[in-house]
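Accompanying notes for the structure given below.
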Amino acid sequence: MGILAPNADERVKTVEFTEDSLSVELMDGRIITVPLAWYPRLLHATPEQLSQWQISGGGYGIHWEELDEDISTEGLLRGSPAPRQRRDSIATS
């Protein structure tokens, strides 16, 4: 006996912000909310900059041109924060 399940559609429908969180509604109705602190570029952005998002990657990503930030729905669903930038040590001689 088969089980009928609705098809998951992980494409971005809309993006919203609060003072400390990012919420992404997917086409299938799920809403993923994560701490804005996971994405330092977004955390330090102005409300105007945050509002300038675009759907990218065939619907599976969000892009902020001015902030040079990209987030995928796959990463959001996995609960993956932005990778931390490594500080290269400066060799002195």
Side-chain angles (χ1 to χ4, degrees):
M1 178 187 289
I3 297 175
L4 296 177
N7 290 333
D9 189 346
E10 298 173 354
R11 293 175 298 148
V12 175
K13 181 175 183 180
T14 191
V15 176
E16 294 184 7
F17 293 92
T18 66
E19 185 176 316
D20 59 358
S21 68
L22 161 68
S23 294
V24 178
E25 183 179 359
L26 304 179
M27 292 296 227
D28 62 13
R30 289 180 286 173
I31 298 173
I32 306 163
T33 301
V34 297
L36 207 50
W38 281 11
Y39 304 98
R41 290 178 184 160
L42 300 181
L43 180 65
H44 296 83
T46 66
E48 174 66 24
Q49 289 172 315
L50 293 176
S51 71
Q52 300 301 313
W53 60 272
Q54 302 171 338
I55 295 175
S56 63
Y60 296 94
I62 310 160
H63 175 69
W64 289 264
E65 180 75 30
E66 183 178 345
L67 301 173
D68 191 28
E69 183 70 78
D70 293 280
I71 299 174
S72 70
T73 56
E74 179 183 1
L76 288 169
L77 288 165
R78 270 198 328 253
S80 300
R84 296 185 188 264
Q85 290 185 350
R86 294 174 51 191
R87 293 186 178 187
D88 296 329
S89 58
I90 301 173
T92 57
S93 42

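- Residue Trp53 is found in a hydrophobic cluster whose other members, listed by chain and number, are Val12, Val15, Phe17, Leu22, Val24, Leu26, Ile32, Val34, Leu36, Trp38, Tyr39, Leu42, Leu43, Leu50, Ile55, Ile62, Trp64, Leu67, Ile71, Leu76, Leu77; membership requires side-chain heavy atoms under 4.5 Å apart, directly or through intermediates.
- A donor-acceptor distance shorter than 3.5 angstrom exists from the side chain of Asp28 to the backbone of Asp9, with no hydrogens or angles considered.
- For Glu25, the salt bridge (Lys or Arg N to Asp or Glu O under 4.0 Å) criterion is met by Lys13, not counting sequence neighbours.
- Partners of Thr33 under the side-chain hydrogen bond (donor to acceptor under 3.5 Å, both in side chains) rule, at least two apart in sequence or in another chain, are Ser23.
- The side-chain hydrogen bond (donor to acceptor under 3.5 Å, both in side chains) analysis of residues 42-51, with sequence neighbours excluded, yields the pairs Thr46-Gln49, Glu48-Gln52, Gln49-Glu66.
- Considering only residues two or more places apart in sequence or on other chains, Asp68 meets the side-chain hydrogen bond (donor to acceptor under 3.5 Å, both in side chains) condition with none of them.
- Shown here are the side-chain hydrogen bond (donor to acceptor under 3.5 Å, both in side chains) partners of Ser21, two or more places apart in sequence or in another chain: Thr18.
- By the salt bridge (Lys or Arg N to Asp or Glu O under 4.0 Å) test, Glu10 pairs with Arg30, sequence neighbours left out.
- Every residue meeting the side-chain hydrogen bond (donor to acceptor under 3.5 Å, both in side chains) condition with Ser80, not counting sequence neighbours, appears here in chain and number order: Arg78.
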